[in-house]
Amino acid sequence: MPVGLSYPGLRCILEYLDAVKRIHIASRCAVLQRCKKSVPLRLNYLCIGSELRLDYCLIWLSYEMELEFNDTRRTRVQTRDEPRSVLHAVSVPQNLDHQTVNEKINQYYLGGRTSVYVKRLDIFGSASTLAWSVDSMFKITELNAEDNYFEDFLPIIDPISFPLKSLQTKTAGLHTYDHPVFRSAEALSFNLFEEHSETEIICLHKLPCKTILFEYDLEWINIVRMIRYWMENPKEIGTKYIFVEYNRKLVYNELLHIKREFEGIRHDLNYERPNTFGT
């Protein structure tokens, strides 16, 4: 009969085991249940909101008070109101409300752990409405809190996580530009607080990050004004600005507007078509 793994050996295997498989195995093994919280949990993706997603495992509470599990690799992820294909379902006591059940789910999967490593953490819903009673600290690389103020979630993020590789957030005001977590992120995606404010344009220009992304209606951003300010106030640190707009008509109109405004100083790129096939 083969000799079983020692505790140190078991810890090493558990830590780097696929997170969803690890939770599944540990729930069926009394020995692993005793040590599972002390072994760091590693996730590529964690989404917290009305649902909980651990990598590819989606967990949500249905209107019929059933805890349902789905594998996002096998099925398309639908909205909450669409019928879903369920891989597994567990009935929940009818005397519990949604808030209580969600708190218990979060605490069971994420609470009481010594370390939780997450490559990307997505948070949906306001900090006041989230079912969050977890006592763990998260070591993250990227944070998406686009509907929230990132400051609300700093208490659950281990300081060793900073600087972040990517941060999506709302801005609470011009003072957000001075926050060290905001300024130190490598890539930022956020909404302008005062879209037509000269003061905010100056704050934006002073950010040291490499990439800044705006992902909302171009009608709310005065791009021409921003370009003029960059031209009048050049800086040594190169920052790439990305404007995401899915309305083709808006994009076309904005490009025409920029072309008209800078027609006198526009320089065409010198481009020679490569001779792929030789002469």
Side-chain angles (χ1 to χ4, degrees), residues 13-29 32-33 36-37 39-92 96 98-113 115-127 129-134 136 138-148 150 153 156-157 161 164-169 187 189 213 215 244 246:
I13 293 176
L14 277 182
E15 180 175 350
Y16 294 97
L17 187 66
D18 177 286
V20 178
K21 291 180 180 178
R22 167 183 162 176
I23 293 172
H24 179 80
I25 294 171
S27 66
R28 288 158 174 76
C29 178
L32 294 182
Q33 288 180 20
K36 65 179 182 179
K37 297 285 187 178
V39 180
L41 179 64
R42 295 182 179 271
L43 295 165
N44 288 316
Y45 179 71
L46 172 61
C47 179
I48 301 168
S50 58
E51 306 165 335
L52 177 66
R53 180 173 167 183
L54 309 167
D55 285 344
Y56 53 84
C57 181
L58 182 64
I59 307 168
W60 73 92
L61 184 63
S62 70
Y63 294 117
E64 293 76 22
M65 293 300 286
E66 284 193 335
L67 193 59
E68 300 178 349
F69 299 80
N70 196 5
D71 187 336
T72 59
R73 300 171 303 177
R74 302 183 183 178
T75 57
R76 180 178 68 87
V77 179
Q78 300 103 329
T79 63
R80 191 176 182 86
D81 295 326
E82 289 184 272
R84 308 196 187 200
S85 56
V86 180
L87 298 180
H88 180 62
V90 179
S91 297
V92 174
L96 297 178
H98 274 69
Q99 179 78 8
T100 302
V101 174
N102 284 331
E103 288 179 357
K104 290 181 177 294
I105 293 172
N106 290 337
Q107 185 62 35
Y108 176 80
Y109 287 104
L110 301 171
R113 296 184 181 274
S115 295
V116 181
Y117 296 89
V118 182
K119 184 175 181 181
R120 178 186 170 108
L121 173 61
D122 281 11
I123 300 175
F124 296 100
S126 65
T129 58
L130 283 176
W132 195 253
S133 59
V134 174
S136 299
F138 297 88
K139 297 178 176 66
I140 69 174
T141 304
E142 303 175 11
L143 173 62
N144 175 14
E146 60 182 64
D147 298 323
N148 299 279
F150 72 93
F153 303 100
I156 66 171
I157 300 175
S161 304
L164 295 174
K165 185 174 182 180
S166 173
L167 172 61
Q168 291 179 261
T169 182
S189 176
L213 183 145
E215 190 171 4
V244 179
Y246 300 99

Sequence neighbours left out, what passes side-chain contact (heavy atoms from CB on, under 4.5 Å) with K165? Give chain and number order. T141, E142, E186
The reported gap from CZ in R22 to OH in Y16 (rounded to nearest 0.5 angstrom) is 11.0 Å
Let me confirm one number: the CG-CG distance from D55 to D71, rounded to the nearest 0.5 Å. 10.5 Å
Check against side chain to side chain contact (heavy atoms under 4.5 Å, CB included), I48 and L121: CA-CA 8 Å; I48 301 168; L121 173 61; 3.9 Å; yes
Side chains of V90 and F69 in contact at under 4.5 Å (non-hydrogen atoms): yes
Evaluate the side-chain proximity of Y56 to D18: yes if any heavy-atom separation is below 4.5 Å, no if none is. yes
Atom pair CE (M65) and CG (L61), whose distance is rounded to the nearest 0.5 Å: 5.0 Å
Can you name the residues that form a salt bridge (Lys or Arg N to Asp or Glu O under 4.0 Å) with E66, not counting sequence neighbours? none
Report yes if some heavy atom in the side chain of Y109 is under 4.5 Å from a heavy atom in the side chain of L41; otherwise report no. no
For E146, the side-chain contact (heavy atoms from CB on, under 4.5 Å) test, sequence neighbours excluded, returns N144, Q168
Test item: L143 and T169 side chains (from C-beta on) under 4.5 Å apart, heavy atoms: no
Is it the case that more than 12 heavy atoms not belonging to K37 sit under 6.0 Å from its NZ atom? yes
Going by side-chain contact (heavy atoms from CB on, under 4.5 Å), name the residues that satisfy it together with S161, two or more places apart in sequence or in a different chain. K139, I140, I157, D158, L164
Which residues share a salt bridge (Lys or Arg N to Asp or Glu O under 4.0 Å) with R42, sequence neighbours left out: E15
What I'd like to find out is whether the side chain of L46 reaches to under 4.5 Å of the side chain of L52, using heavy atoms alone. yes
Report the distance from atom CD of E103 to atom NE2 of H98, rounding to the nearest 0.5 Å. 13.0 Å
So how far is it from I59 CD1 to I105 CD1, rounded to the nearest 0.5 Å? 7.0 Å
Residues two or more places apart in sequence or in another chain: which of them pass side-chain contact (heavy atoms from CB on, under 4.5 Å) with C47? Y45, R53, D122, F124
